[in-house]
Visitor: 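Quick one: structure below, then a few questions.
Sequential numbering from 1 along the given sequence is applied to the chain's residues. Predicted model only: the values in this text are computed from it and were never measured.
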Amino acid sequence: MKAYQKENDYSYTLGVFPTIELLKNKPKQVTRIILHSQADKNSGIPVIKELCAKESIPIEISDKTINKLSKKGNCYAIGVFNKYQTALEDAHHVVLVNPGDMGNMGTIIRTMLGFGYRHLAIIRPGVDVFDPKVIRASMGAIFNMNIQYFDSFETYRDQFSAHQVYPLMLKGAKNIHQLEITDQYHSLVFGNESSGLPDHYLNYGQSVFIPHAGLIDSLNLSMALGIALSHFSKRQFEAMSVLEFESAIKNKHI
C-alpha cells in the first residue's frame, strides 16, 4: 500500500479503536484488515478478529505495511476501506465553511457525535475527511456521521431552506446565552480556523457570538463548536441524572 492520496478511491484507519469503529459501522466498505505481528498485546484485537470473521473480511499480518503507513510506534491495526458518499437528512446540522485543519476536523467530528449531531456540511474548499489523520483524530467517530460537501453556502441553503441558520461570529448580533432554542431544525455555521466567517454571513439567519474574557482574542474553532453544541443540545441533556448518563454511556445510547 502507498501513503494516502486524496485522489485514491480508498483510505484506511490507523489504530485499533478507529478500526473497530469502522468494522462496526461500515463493514461493507472494508476490503481488508492489516495487523502487526505483536497485535495480540492489545485487548481490542479479539474484537477486530470477531468482527472480521462475522463479515468474512480478510486479515493480513504485515509489520512492514503498518510501519510504512503509521508514524507512531504503537499502531497495531489498519483497516482498509473503499471511500463512500453520504447525504445530509432533515436534522440539526453543523456547517463548516472552508475548514483547513485536519486535527481540528477530527476533533469537531468527535465532539458533534458526542452531542448527538450526526450531519456535517462542508463548504468547499475544505479538508478531506477521509484523510487518515482526520479519521484518527476523530477516533473513528466519522463512521457514525453523514458528511456532505457543497460548492457554496448558497447551494447548501437552497437544499435546506427550512433550517434556522445561526452563523457563529465575533461580530454576531446576539449573545448565545440569550437565545431561545426552538424545535425547528437549525444549522450552526462556523468559519475556518484563521479568519472565521466573512461579514456577509451577518445577513444569514440569526448571527450569534460566544462571550469570553478579553484576555484572549478568540476561541479555537473546535472549542467554540463544543460550547455552541452544548448550548443548543441542553434540552436533550438537562434532565438527565448521573445514573441515566452512566447508563447511556455504557450502552452507547448517546
Side-chain angles (χ1 to χ4, degrees), residues 88-101 103-127 129 138 141 145-240 245 254:
L88 303 189
E89 302 171 2
D90 284 326
H92 299 314
H93 296 170
V94 167
V95 182
L96 299 182
V97 180
N98 312 140
D101 186 279
N104 257 353
M105 178 60 76
T107 301
I108 284 169
I109 290 171
R110 190 179 184 198
T111 303
M112 284 180 60
L113 193 62
F115 285 105
Y117 283 69
R118 302 181 67 170
H119 297 271
L120 172 62
I122 299 177
I123 309 302
R124 294 189 178 96
V127 167
V129 296
S138 82
M145 299 287 291
N146 289 323
I147 302 174
Q148 186 174 349
Y149 285 84
F150 295 85
D151 290 330
S152 69
F153 184 71
E154 287 70 25
T155 303
Y156 167 80
R157 282 290 290 143
D158 288 344
Q159 186 170 336
F160 296 100
S161 58
H163 277 217
Q164 174 63 47
V165 174
Y166 295 100
L168 276 292
M169 309 174 66
L170 288 174
K171 296 181 180 179
K174 190 150 191 171
N175 184 330
I176 190 171
H177 301 297
Q178 297 172 356
L179 280 176
E180 292 292 333
I181 309 303
T182 69
D183 292 330
Q184 181 180 0
Y185 288 140
H186 57 250
S187 302
L188 306 181
V189 187
F190 298 83
N192 68 25
E193 297 82 357
S194 59
S195 58
L197 290 173
D199 285 352
H200 70 266
Y201 276 84
L202 290 167
N203 300 318
Y204 291 112
Q206 174 62 69
S207 61
V208 177
F209 71 91
I210 300 173
H212 58 74
L215 300 173
I216 59 171
D217 292 329
S218 62
L219 295 167
N220 173 277
L221 172 59
S222 56
M223 187 178 298
L225 179 134
I227 293 170
L229 294 184
S230 177
H231 180 79
F232 276 85
S233 64
K234 65 181 180 181
R235 285 169 55 179
Q236 176 185 351
F237 295 107
E238 63 186 354
M240 184 174 287
F245 174 70
I254 59 171

Visitor: Below 4.5 Å, heavy atoms only, C-beta onward: do Y117 and S233 meet side chain to side chain?
Guide: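 Result yes, sub-4.5 Å side-chain heavy-atom pair found.
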
Visitor: Considering all heavy atoms of both residues, which atom of M112 and which atom of M145 are nearest to each other, and what is their separation?
Guide: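 For M112 versus M145, the nearest heavy atoms are CE-CE, 3.3 Å.
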
Visitor: Between side-chain atoms of residues 213-225 and protein atoms elsewhere (two or more places apart, or another chain), which donor-acceptor pairs fall under 3.5 Å?
Guide:
{"from": "N220", "atom 1": "OD1", "to": "S222", "atom 2": "N", "distance (Å)": "2.8"}
{"from": "N220", "atom 1": "OD1", "to": "S222", "atom 2": "OG", "distance (Å)": "2.5"}
{"from": "N220", "atom 1": "OD1", "to": "M223", "atom 2": "N", "distance (Å)": "3.4"}
{"from": "S222", "atom 1": "OG", "to": "N104", "atom 2": "OD1", "distance (Å)": "3.4"}

Visitor: With rounding to the nearest 0.5 angstrom, report the CZ to OG1 distance, F232 to T182.
Guide: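 That separation rounds to 9.0 Å.
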
Visitor: List the residues meeting ring pair (Phe, Tyr, Trp, His ring centres under 6.0 Å) with Y204, not counting sequence neighbours, and say none if there are none.
Guide: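 Expected list: F153, Y201.
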
Visitor: Can you see which heavy atom on A121 is nearest to which on L88, and at what distance?
Guide: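 Shortest heavy-atom contact: CB-CD1, 3.7 Å.
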
Visitor: Specify the closest pair of heavy atoms between G226 and T111, including all atoms of both residues, with the distance to one decimal.
Guide: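 Answer, listing the atom of G226 first, then T111: CA-CG2, 3.9 Å.
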
Visitor: Listing request: all salt bridge (charged side-chain N to carboxylate O under 4.0 Å, His left out) pairs with a residue in residues 147-169, at least two apart in sequence or in separate chains.
Guide: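 Those involving residues 147-169 are R124-D151.
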
Visitor: Is there a side-chain contact between F160 and V95, using heavy atoms and a 4.5 Å cut-off?
Guide: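 Heavy-atom side-chain distance check fails, nothing below 4.5 Å.
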
Visitor: Name all pairs fulfilling the salt bridge (charged side-chain N to carboxylate O under 4.0 Å, His left out) condition that reach into residues 182-196, sequence neighbours left out, sorted by first residue then second.
Guide: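 Residue pairs with at least one partner in residues 182-196: D183-R235.
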
Visitor: At their closest point, which heavy atom of H231 faces which heavy atom of K234, and how far apart are they?
Guide: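 Here H231 and K234 meet closest at O-CG, 3.2 Å.
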
Visitor: Among all residues two or more places apart in sequence or in another chain, which pass the ring pair (Phe, Tyr, Trp, His ring centres under 6.0 Å) test with H119?
Guide: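 Result, ring pair (Phe, Tyr, Trp, His ring centres under 6.0 Å) vs H119: H93.
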
Visitor: Tell me every residue that passes side-chain contact (heavy atoms from CB on, under 4.5 Å) with V129, counting only those two or more places apart in sequence or in another chain.
Guide: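 M105, I122, I142, I147, Y149.
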
Visitor: Under the rule for side chain to side chain donor-acceptor pair (under 3.5 Å), what residues qualify as partners of S195, not counting sequence neighbours?
Guide: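 Applying side chain to side chain donor-acceptor pair (under 3.5 Å) to S195 gives N192.
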
Visitor: Residues two or more places apart in sequence or in another chain: which of them pass ring pair (Phe, Tyr, Trp, His ring centres under 6.0 Å) with Y185?
Guide: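 Partners of Y185 by the ring pair (Phe, Tyr, Trp, His ring centres under 6.0 Å) criterion, ordered by chain and then number, come out as H92, H163.
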
Visitor: Could you work out, with side-chain contact (heavy atoms from CB on, under 4.5 Å) as the rule, every residue matching N203, not counting sequence neighbours?
Guide: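 Applying side-chain contact (heavy atoms from CB on, under 4.5 Å) to N203 gives H200.
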
Visitor: Side-chain donor-acceptor pairs under 3.5 Å in residues 171-181, sequence neighbours left out?
Guide:
{"from": "K171", "atom 1": "NZ", "to": "D199", "atom 2": "OD1", "distance (Å)": "3.3"}
{"from": "K171", "atom 1": "NZ", "to": "D199", "atom 2": "OD2", "distance (Å)": "3.0"}
{"from": "N175", "atom 1": "OD1", "to": "H177", "atom 2": "N", "distance (Å)": "2.8"}

Visitor: Please identify each residue that fulfils side-chain contact (heavy atoms from CB on, under 4.5 Å) with S230, with sequence neighbours left out.
Guide: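 Result, side-chain contact (heavy atoms from CB on, under 4.5 Å) vs S230: F115.
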
Visitor: Are any of the side-chain heavy atoms of I210 and H212 separated by less than 4.5 Å?
Guide: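 Side chain of I210 against side chain of H212, heavy atoms only: no contact under 4.5 Å found.
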
Visitor: What distance do I123 atom CD1 and T155 atom OG1 have between them, rounded to the nearest 0.5 Å?
Guide: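 Between I123 CD1 and T155 OG1, I get 7.5 Å after rounding to 0.5 Å.
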
Visitor: If you apply the rule side chain to side chain contact (heavy atoms under 4.5 Å, CB included), what do you find for L96 with V127, and how did you get there?
Guide: CA-CA 10 Å; L96 299 182; V127 167; over 6 Å; no

Visitor: Give me the atom names and distance for the closest heavy-atom approach of M169 to S207.
Guide: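 Closest approach of M169 to S207: SD-CB, 4.4 Å.
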
